[in-house]
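Remember, predicted model here, so these are calculated numbers, not experimental data.
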Amino acid sequence: MCKVSVLVPVYNVKTYLHECLDSLAAQTLDSIEFVCIDDGSTDGCSEILDAYAARDERFRVIHKENSGYGASMNVGLRAARGKYIGIVESDDFADAEMFEKLFEAAEKYQAEVVSSNFWAMKRGISTFSENWSGCAYEKVFSPIQEDSEIFLAGVNIWTGLYRKTFLQSHDIWFHETPGASYQDLSFAFMTMACAERYVLLKEAYLHYRMDNAASSMHSKTKVYCVMDEYDAMEKYLQTHQGTAEQHRWAAKMFVHHCWFNDKRNDLETMFPFWTKAVQRLLAAHQEGWFEHEMTKQPEIWMFHHLEDIQQEKLLCTGFLTHLQMFSHVYLYGAGKVAQHLLDILASYKIRVTGFLVDCPEENPASIADLPVASWKEASVDREHDIVVIAVTPRKPEVQQEIFFQLEQAGYRNVIVLTKELQEALA
């Protein structure tokens with residue numbers, strides 16, 4: 001009997017596909033199959049998939065016309081022969097022991113769902129991401145019965161296994177909408193809302209690529225997809241006699257992801273979005289499923305919320321406009337805050353010249369091909385270049401010390417990354 005079927009949805013990811021498939025070929029679990037669903041790729045992925053299937057019988061390839069992520073996943077679910085279902089996105093890759101470890105845990109706890117943490121990968125570097133921070137590990141529980149906050153954690157359906165009979169008995173499928181995003185949201189909700197034997201593992205096995213510019217998570221054109229997913233969640237609950245608790249968590253999960261939309265879209269986009277979103281939440285409130293400040297006086301809430309968004313956008317715009325006045329931009333710091341700011345500035349087409357630090361010997365010589373140098377010795381025009389103090393805003397006393405240190409050394413253009421500015425840029 002096949003132990004695990006790994007579903008691999010593929011669409012125009014030739015750049016990353018070999019790394020993904022090689023990581024699957026290296027899996028240590030026996031009796032495993034890899035069901036690759038080619039969603040009408042046009043960049044050569046189809047030929048790559050066929051080549052792997054020709055030399056390794058564990059690979060099965062299904063070629064289909066382009067119809068979107070949800071449809072591809074459902075094709076894979078129908079074709080899967082394994083006791084458990086795993087998922088690996090085709091621009092990610094897995095550690096060799098991933099499915100052996102997940103299978104062992106699923107069997108040990110007789111789990112319907114087992115999920116782990118993951119490696120967040122940027123610029124070829126993987127960092128441990130504890131998505132389940134604060135949760136109990138290696139304990140069998142029912143998320144809905146224990147009122148679990150895991151509903152509000154990141155949606156990472158590709159870090160675990162799902163017992164196939166569990167999915168079938170609860171009629172759990174992916175929401176099919178051509179060209180849509182967020183189609184893992186309703187699937188994640190349904191598995192959490194229905195599972196009675198859910199297990200979390202602290203270990204990480206899946207390397208999640210966060211800097212693929214073509215990923216749908218970066219798209220600002222699919223703002224309403226999260227609303228479509230909420231509608232799919234509600235339709236499922238209505239069809240399957242969902243409980244009040246399930247409806248309540250669906251609404252909380254929906255508004256949680258609406259906040260995520262806020263950070264990715266312009267004020268002009270978010271005003272009509274929230275107008276529609278609030279109506280759905282009002283309906284949930286009237287059913288007794290949801291309690292939130294926005295459901296009491298939605299017009300007043302929207303005014304204040306959109307006012308806050310506008311202030312954040314103006315703060316962000318002013319900062320970026322100011323940086324564009326300088327030929328050379330330096331970041332003081334070389335840690336996570338500085339590297340995250342580097343990514344944000346790159347998305348706004350603002351080029352950073354390098355990083356300044358106090359102790360270069362304690363830091364790498366370069367980050368993202370940009371030099372890391374001592375602020376005392378770096379080749380900086382202290383009169384005309386600008387420095388952004390990119391260390392954690394949670395330590396203003398440290399920022400203050402750095403600011404005065406640079407000012408006394410003759411740096412004339414220094415900006416501090418405040419908490420408010422950091423939130424606006426996010």
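Between the side chain of R382 and the backbone N or O of A409 there is at least one donor-acceptor pair closer than 3.5 Å.
The two residues S148 and F141 come nearest to each other via the heavy atoms OG-CE1, 4.0 Å. Listed here is the closest heavy atom pair of A188 and V155: CB-CG1, 3.7 Å. Residues L24 and F34 come closest through the heavy atom pair O-CZ, 3.0 Å. For the pair V61 and A53, the tightest heavy-atom approach, listed with the atom from each and the gap, is CG2-CB, 3.9 Å. Closest non-hydrogen pair, D39 versus E65, comes out as OD1-O, 3.2 Å.
Contacts classified as side chain to side chain donor-acceptor pair (under 3.5 Å) and involving residues 354-368 (residues at least two apart or in different chains) are given here: D358-W375.
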Please evaluate residues N131 and N117 with respect to the criterion side-chain hydrogen bond (donor to acceptor under 3.5 Å, both in side chains), reporting the C-alpha separation (whole Å), side-chain torsions for both, the decisive distance (0.1 Å), and the verdict. CA-CA 6 Å; N131 191 62; N117 289 302; 5.6 Å; no

Worked check of side-chain contact (heavy atoms from CB on, under 4.5 Å) between V6 and V35: CA-CA 6 Å; V6 182; V35 183; over 6 Å; no

What do the steps show when you test Y208 against W158 for ring pair (Phe, Tyr, Trp, His ring centres under 6.0 Å), and what is the final call? CA-CA 9 Å; Y208 171 54; W158 22 259; 4.5 Å; yes

Pair E176-N74, side-chain hydrogen bond (donor to acceptor under 3.5 Å, both in side chains): steps then yes or no: CA-CA 8 Å; E176 295 189 18; N74 287 337; 2.8 Å; yes

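No hydrogens or angles considered: nothing links the side chains of H175 and D231 as a donor-acceptor pair under 3.5 Å. With hydrogens and angles left out, the side-chain atoms of E89 and Y16 include no donor and acceptor closer than 3.5 Å. With no hydrogens or angles considered, a side-chain donor-acceptor pair links Y52 and H18 at under 3.5 Å. A donor and an acceptor atom, one from each side chain of E100 and T28, are located under 3.5 Å apart. Side-chain contact of H247 with E234: a donor-acceptor pair under 3.5 Å is present, judged by distance alone. Between the side chains of S116 and E203, no donor-acceptor pair of N or O atoms lies under 3.5 Å. Using a 3.5 Å distance cut-off with no hydrogens or angles, the side chains of S115 and T159 do pair a donor with an acceptor.
For K14, the NZ atom sits in a loose shell: 12 or fewer heavy atoms of surrounding residues, nucleotides or ligands are nearer than 6.0 Å. For CD of E407, the number of neighbouring non-hydrogen atoms (other residues, nucleotides, ligands) closer than 6.0 Å is greater than 12. For R55, the CZ atom is densely surrounded, since the number of other residues' heavy atoms within 6.0 Å is greater than 12.
Contact of the V4 side chain with the I32 side chain is registered, since non-hydrogen atoms from C-beta on lie closer than 4.5 Å. Within the 4.5 Å cutoff, no side-chain heavy atoms of E47 are placed close to those of D50. Within the 4.5 Å cutoff, side-chain heavy atoms of F254 are placed close to those of M227.
Between F326 and H322, the angle of the ring planes goes over 60°, which puts this pair in the perpendicular group of the 30/60° scheme. Below 30°, between 30° and 60°, or above 60°: for F174 and F187 the angle between ring planes is below 30°, a parallel geometry. Using bins of under 30°, 30° to 60° and over 60° for the plane-to-plane angle, the ring pair F93/H207 lands in the parallel bin.
Taking the six-membered ring for Trp and the full ring otherwise, F103 and Y84 have centroids separated by under 6.0 Å.
A salt bridge links K122 to D343: one of the charged nitrogens lies within less than 4.0 Å of a carboxylate oxygen. Salt bridge present: E146 and K139 bring a charged side-chain N and a carboxylate O closer than 4.0 Å.
For F128, the ring pair (Phe, Tyr, Trp, His ring centres under 6.0 Å) partners two or more places apart in sequence, or in a different chain, are W119.
Cation-pi geometry between K101 and Y205 is not satisfied (NZ or CZ under 6.0 Å from the ring centre, within 45° of the ring normal).
How far OG of S327 is from CG of D385: 7.5 Å, rounded to the nearest 0.5 Å.
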